[in-house]
Colleague: 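Before we start, here is the structure in question, set down as structure tokens.
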Amino acid sequence: MRKIIFVTGNPHKVREAGDILSHVGITVEQNDCGYPELQEDDLEAIALYGARWAADKLNCEVMVDDSGLFIEALGGFPGPYSAYVFDTLGNERILKLMDGEANRRAVFKCVIGYCRPCEEPSLFSGEVAGEISAGMRGCGGFGYDPIFEVGGATFGEMNEEKKNSLSHRYRALMKFAEWLKYR
Ligand code: IMP
């Protein structure tokens, strides 16, 4: 098994990435050294900076994950500001913003940044299209999971195995794992 340090403060992401990558011979170990999150307007720039910063600070190969929920009717909001908006508004108030809105389409995106010390980072992105539910449903997962619906069920209603077989994170991590095979 190859071990990769996953730099994040989010234990849910670590559990999901650990499950997903365990099927392809990779284990992840969390390091919560708190890399500075740039206030950029795209996930790629945030992941790029974080991966380079953490690889140089920890002096080992690392991965980071920057994710965001892009709601079509809100012009892509909260997108790269998803963490801040979740902490300040939360799911209930996002649903209020969507009151009476017929277009519920949304996309969840994940960008995995990987870097070795003194090298250029590599990025892998994955996304899943879904809808913003009418109300919060399900008690699994974390963050926006109770309001993001794919194929009739919210991520919060899915068991971990189901979410991890189709999520934005799964799709990004599979690209990463494929690339890593030859490195
Ligand atoms: P960040 O990638 O840590 O910046 O996360 C952005 C926001 O999206 C945070 O509020 C996370 O809790 C939330 N988030 C990230 N990934 C997921 C997911 O897979 N499901 C639900 N919420 C998520």
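Every number for a ligand or one of its atoms is a count from 1 in the order of the listing. Residues: numbered from 1 along the sequence shown.
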Colleague: Can I get a per-line list of side-chain donor-acceptor pairs under 3.5 Å for residues 87-97, giving both atom names and the distance, sequence neighbours left out?
Modeller:
from: Thr88; atom 1: OG1; to: Tyr84; atom 2: O; distance (Å): 2.8
from: Thr88; atom 1: OG1; to: Val85; atom 2: O; distance (Å): 3.4
from: Asn91; atom 1: ND2; to: Gly143; atom 2: O; distance (Å): 3.0

Colleague: Just to be sure I understand the cut-off, which residues have at least one non-hydrogen atom under 4.0 angstrom from an atom of ligand 1?
Modeller: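 For ligand 1, the residues that come within the 4.0 Å heavy-atom cutoff are Lys13, Glu37, Asp65, Asp66, Ser67, Ser82, Ala83, Phe86, Phe108, Phe142, Gly143, Tyr144, Asp145, Lys163, His168, Arg169.
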Colleague: Clusters formed by hydrophobic residues whose side-chain heavy atoms approach within less than 4.5 Å: which one holds Ile112, and what are its other members?
Modeller: Ile4, Phe6, Val14, Ile20, Leu21, Val24, Ile26, Val28, Met63, Tyr114, Phe124, Tyr170, Leu173, Met174, Phe176, Trp179, Leu180
Colleague: The criterion is side-chain hydrogen bond (donor to acceptor under 3.5 Å, both in side chains); which residues satisfy it with Arg137, sequence neighbours excluded?
Modeller: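 With neighbours one apart ignored, the set is Glu149, Glu157.
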Colleague: Is it true that a side-chain atom of Arg116 and a backbone atom of Glu61 form a donor plus acceptor pair closer than 3.5 Å?
Modeller: no
Colleague: Does some side-chain heavy atom of Arg169 sit less than 4.5 Å from a side-chain heavy atom of Ser67?
Modeller: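 SC-SC contact between Ser67 and Arg169 confirmed.
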Colleague: Using side-chain heavy atoms (C-beta onward) and a distance below 4.5 Å, is Pro80 in contact with Asp42?
Modeller: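 Result no, sub-4.5 Å side-chain heavy-atom pair not found.
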